[in-house]
Amino acid sequence: MRKAILFLTILLAAGCGHVKVAPAPLFDSAPLASPCLLEQDTNVVILRDYFPTLPSMDTLEIPTTVSDPWLRYLEITALDQKAALVLKNRLPEKLASADPAKAPFITTAPVPGKDDKFYILIENQADDVQVLWQNTLLDKEHGIRVIDRSKLEITVPRNARKLERSFIRAYAANAYGIGNDILVPLQYGKVVRGTEELKRTDKHAQVLYSLMIDRFVNGRKDNDMPLNSPLVNPKVDYWGGDLVGVTKTLESGYFDKLGVTTIWLSPITQNPFTAWGQIHDPETKFSGYHGYWPYYATAVDVRYGTEEELRELLDKAHADNKNVILDYVSNHMHIQSPTLTAHPDWTTPSDTPDGRPNRQLYDEFRLTTWFDDHIPTLDLERADICAQLTDSALYWVQHFDFDGFRHDATKHVPEQYWRMLTRKLLDSLPGRTFYQIGETYGSTSLINSYVKPGMQDAQFDFNVYDTFTWATTDKEKGSFEGLSNRIAEDLSVYGSHHLMGNITGNHDRPRYICKVTGDVRPGEDDKLAGWHRDIKVTDPIGYDYLKMLHAMNFTIPGIPCIYYGDEFGQPGANDPDNRRWMQFDGLTPDEQKTLEETEFLAHLHNASMPLIYGDYKLLYADKDVMAYSRSYMGETVVVVLNKAREPRKVDLTLPCGLTCDGQNQLSVEVAPVYYAIIK
């Protein structure tokens, strides 16, 4: 089946089969349209994007048999170049065999002395190269000069001078497939050359730090309220961390030294004062110390602090040029919350249609299953409930200066909720920049279904993390070649310059360092392990593997995300052992060295345009070694990861005639279980 890329400079009118075309002036400031695959043999266009803020416009009629108001699939009988942009495989009869190695690779180089021009360099013959400023297609009459088959000169349109931040993008394809894309940020019409021109509102330039408030720093003792119940094991009671503790950490300069640009706070809504849930090994109920059992959806939990203390944290973070995003729970509320007490019909059915308890059936009944007896799922497919609950989420950004959301359990919430919330954010707070990132486990297609301009910016890339873990822990089958394939697939689905989160771990996984050392044993119950053993790092080589994970996260496309404690290698099994008290002092020499290396990598990332906006190219991969480059405006960074227990030497060739240290051919030797980064 022949494939091409369709750029959605088309919009769908809800409730009808018309496609609406935006006039250029309004579309200049609209969200960037994303490409999608056009299956040419069947004339079906798979539509990815939904733009909630654009009004009615001139209409291009395209008949459709689809009645869904969000119009997921559209039968094309006519295609207007003004409405859609297609990258075609120019073959008269047959398609050549797909071969990513022969697909085009494109990157950028500066035009000396010109800040409104740059070159696009092309490796492998491209049958089609399409260049856009924002959502406007450039051509040979406006912005593109063909120098030869491997080089184009791009001139930034004059309209770009009106916008502080806009982008030029380019896509390429040939008979062997669709290549990478480029993304070039502009500032008032000039190419952004250095990171000093970036702002905290530039989403691609973020480094996230995830912390659990109750387990981080106890800023003041007078709001400590543990349950102190004989039913609750101390490991799952409140420990006293609060918002003041986060503010004090900010003021201490810890986040600056670490290179963090965005703080991700665990949920802050009021949770119950009673114990819930039950396990039997050991026998214990749980407190809501984690924040994921909302009792009041629009109140700060008094154990974390006050509204004034929250505003002080946000003000000081912004004064320090940092963002703060809020972990928000949309899927469920506590069963005794006043909301559900008043509206017991707001929950999904407690039982499945065949009479089973509808509990933790995460895939079979994805949108209705309850996570536990005391946290029923909200029936957000009902329009009235969806409207009220999106208002509750909106409250936090209307009354507090948050910079975005981390959305819990994204795939368990219907898509209409995410569309409605994003529409309300854009309508009620114009001009504000929000980064929305969700938590979804599953296939790339499922994860990608939420990554749209009208929904969320990104999801956490558990698949890359899991593949790295497999590659470094499975001694027989684990392979960096498999990891490179995983990264390539994700880039082809989410885009070459996606905003997906590259994680070191999270609060629902055992610590990576204890997986790779075998301190959390393969195949064992990793929650029970934390209850019954004092999990430690017994093999120092685990710190080297962890450093390599950090090195990958800071150098591949996406947003690096550090789970608190992973910056130095805090040990732990799964929940709750992965939620230990944060440690700032008394680190071991191995922990201290790991912390310093994490700081180095973060600052290297933050100072490098190639590591933020650079074009990714795989240079080499085998079982133990993976090498790749990131290039932007002629500057190249080469990264080599070696998981073998002995040194490895690889010979590399840079693409598009680019050089590193003046050389196009590089021979790099990497120490055992380590990495090399060459600028």
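Owing to the predicted nature of the structure, the values given are computational and were not obtained by experimental measurement.
In summary, the aromatic rings of F434 and F405 are positioned with their centroids too far apart to meet the 6.0 Å limit. In summary, the aromatic rings of Y254 and F584 are positioned with their centroids under 6.0 Å apart. Aromatic ring centroids of Y328 and H407 lie 6.0 Å or more apart. In this structure, F216 has its ring center no closer than 6.0 Å to that of Y304. Ring to ring, F402 and W264 are not that close: their centroids are 6.0 angstrom or more apart.
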- Task: Take Y675 and E597 through the side chain to side chain donor-acceptor pair (under 3.5 Å) test and state the conclusion after the steps.
- Result: CA-CA 12 Å; Y675 61 88; E597 209 148 325; 2.8 Å; yes
- Query: salt bridge (charged side-chain N to carboxylate O under 4.0 Å, His left out) between R423 and D427: does it pass, once the steps are laid out?
  - Reply: CA-CA 6 Å; R423 176 64 185 260; D427 282 350; 2.7 Å; yes
- Going through the distances and angles, do Q665 and T653 end up as a side chain to side chain donor-acceptor pair (under 3.5 Å)? CA-CA 5 Å; Q665 304 284 328; T653 301; 2.9 Å; yes
- Task: Evaluate the criterion ring-ring contact (aromatic ring centres under 6.0 Å, His included) for residue pair F255 and Y209; output intermediate values, then yes/no.
- Result: CA-CA 9 Å; F255 296 126; Y209 187 86; 5.4 Å; yes
- Under the side chain to side chain donor-acceptor pair (under 3.5 Å) criterion, do R200 and N323 qualify, and how do the steps go? CA-CA 7 Å; R200 68 178 180 86; N323 298 311; 2.7 Å; yes
- Report the C-alpha separation of F468 and Y512 in whole Å, then their side-chain angles, then the decisive distance to 0.1 Å, and conclude whether the ring-ring contact (aromatic ring centres under 6.0 Å, His included) test is met. CA-CA 10 Å; F468 182 92; Y512 167 76; 5.7 Å; yes
- Q436 vs T422, side chain to side chain donor-acceptor pair (under 3.5 Å): CA-CA, chis, key distance, verdict: CA-CA 9 Å; Q436 296 192 84; T422 299; 3.2 Å; yes
- Task: Would you check, one step at a time, whether the test salt bridge (charged side-chain N to carboxylate O under 4.0 Å, His left out) holds for E123 with K617?
- Result: CA-CA 11 Å; E123 182 175 88; K617 174 73 170 177; 3.7 Å; yes
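Environment of NZ in K593: sparse, with no more than 12 heavy atoms of neighbouring residues, nucleotides or ligands closer than 6.0 Å. A 6.0 Å sphere centred on NZ of K117 holds more than 12 heavy atoms belonging to other residues, nucleotides or ligands. A 6.0 Å sphere centred on CZ of R432 holds more than 12 heavy atoms belonging to other residues, nucleotides or ligands. For H142, the NE2 atom sits in a loose shell: 12 or fewer heavy atoms of surrounding residues, nucleotides or ligands are nearer than 6.0 Å.
At least one test fails for K203 against the ring of Y435: distance under 6.0 Å to the centre or angle within 45° of the axis. Because its NZ or CZ atom is not both nearer than 6.0 Å to the ring centre of Y545 and within 45° of the ring axis, R511 does not count as a cation-pi partner of that residue.
Put simply, the side chain of E567 never gets that close to the backbone of L595: no donor and acceptor are under 3.5 Å apart. Counting only distance, with no hydrogens or angles, the side chain of K190 and the backbone of D116 share no donor-acceptor pair below 3.5 Å. Formation of a donor-acceptor pair under 3.5 Å by the D615 side chain with backbone atoms of N180 is not found in this model. For Q206 (side chain) and L208 (main-chain N/O), no donor-acceptor pair under 3.5 Å exists by modelled atom type. With hydrogens and angles disregarded, a donor-acceptor distance shorter than 3.5 Å links the side chain of D148 to the backbone of S150. Checked by atom type and distance alone, the side chain of H550 never pairs as donor or acceptor with a backbone atom of E599 at under 3.5 Å. Checking side-chain atoms of R165 against main-chain N and O of L186 turns up a donor-acceptor pair under 3.5 Å. At distances below 3.5 Å, at least one donor-acceptor pair connects side-chain atoms of N664 with backbone N or O atoms of L654. D139 places a side-chain N or O within 3.5 Å of a backbone atom of E141 that can act as its donor or acceptor partner. Within the 3.5 Å criterion, the main-chain N or O of Q134 finds a donor-acceptor partner in the side chain of R169.
Side-chain contact between K316 and T247 is present, with at least one heavy-atom pair separated by less than 4.5 Å. Contact annotation: the side chain of I437 never approaches that of D457 to less than 4.5 Å [non-hydrogen atoms, C-beta and beyond].
Atom-to-atom distance recorded for S210:OG and I325:CD1 is 8.5 Å, nearest 0.5 angstrom.
Aromatic ring pairs are classed by plane angle as parallel below 30°, tilted from 30° to 60° and perpendicular above 60°; the pair Y494 and H498 is perpendicular.
Nearest heavy-atom pair, V129 versus A172, reported as atom, atom and distance to 0.1 Å: CG2-CB, 4.0 Å.
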